[in-house]
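Below, all heavy atoms of this structure are taken into account, side chains as well, without hydrogens, waters or symmetry copies.
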Amino acid sequence: MTEKSKREIEMDFSRAINQAQELERLADSLSRAANSGVESALLVLKNSWRGDAGGSIELAGKRTTAEIYSTADDLMRIARNIRATADIVYKAEKAAASVCF
């Protein structure tokens, strides 16, 4: 197994943090979409639809919104895990590099 240079260690850590940040941005966008876009669309549908189907549409919309929020939460959790794992690997590789160099 080849040892990484200090520069490679820094670059890998930076890439992992950038990926975590991208997931956080995506999770934030999903949450905002669920909060405003989906809610607005559901309100229009509910107000436009008459009869029994209106309740079904509202229920389906609430489920969809909940799923979007859940997905956003999952993405945030993954981002935290990437950060934590990247930190552990970074510290271990830096320690190993200082022993080897």
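Side-chain contact between Ile9 and Lys94 is present, with heavy atoms from C-beta onward closer than 4.5 Å.
Legend: residues meeting side-chain hydrogen bond (donor to acceptor under 3.5 Å, both in side chains) with Lys62, ordered by chain and number and at least two apart, are absent. For Arg7, the side-chain contact (heavy atoms from CB on, under 4.5 Å) test picks out Ser5, Met11, with sequence neighbours left out. By the side-chain hydrogen bond (donor to acceptor under 3.5 Å, both in side chains) test, Arg80 pairs with no residue at all, sequence neighbours left out.
Residues Leu30 and Met76 do not share a hydrophobic cluster, defined by chaining ILVMFWY side chains whose heavy atoms lie under 4.5 Å apart.
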Please tabulate, one pair per line, all N/O donor-acceptor pairs under 3.5 Å involving side-chain atoms of residues 85-93, not counting sequence neighbours.
{"unit_1": "Thr85", "atom_1": "OG1", "unit_2": "Asn81", "atom_2": "O", "d": "2.8"}
{"unit_1": "Asp87", "atom_1": "OD2", "unit_2": "Lys91", "atom_2": "NZ", "d": "3.1"}
{"unit_1": "Tyr90", "atom_1": "OH", "unit_2": "Glu10", "atom_2": "OE1", "d": "3.4"}
{"unit_1": "Tyr90", "atom_1": "OH", "unit_2": "Glu10", "atom_2": "OE2", "d": "2.7"}
{"unit_1": "Glu93", "atom_1": "OE2", "unit_2": "Lys4", "atom_2": "NZ", "d": "3.1"}

Just distance, no hydrogens or angles: give the donor-acceptor pairs under 3.5 Å from side chains in residues 14-21, sequence neighbours left out.
{"unit_1": "Arg15", "atom_1": "NH2", "unit_2": "Asp12", "atom_2": "OD1", "d": "2.5"}
{"unit_1": "Asn18", "atom_1": "ND2", "unit_2": "Ser14", "atom_2": "O", "d": "3.3"}

Atom pairs and distances, donor-acceptor, side-chain atoms in residues 68-75, under 3.5 Å, two or more places apart:
{"unit_1": "Tyr69", "atom_1": "OH", "unit_2": "Asn35", "atom_2": "N", "d": "3.4"}
{"unit_1": "Thr71", "atom_1": "OG1", "unit_2": "Glu67", "atom_2": "O", "d": "2.9"}
{"unit_1": "Asp74", "atom_1": "OD1", "unit_2": "Arg77", "atom_2": "NH2", "d": "2.4"}

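From Ile82, atom CD1 reaches atom CD of Glu24 across 9.0 Å, with rounding to the nearest 0.5 Å.
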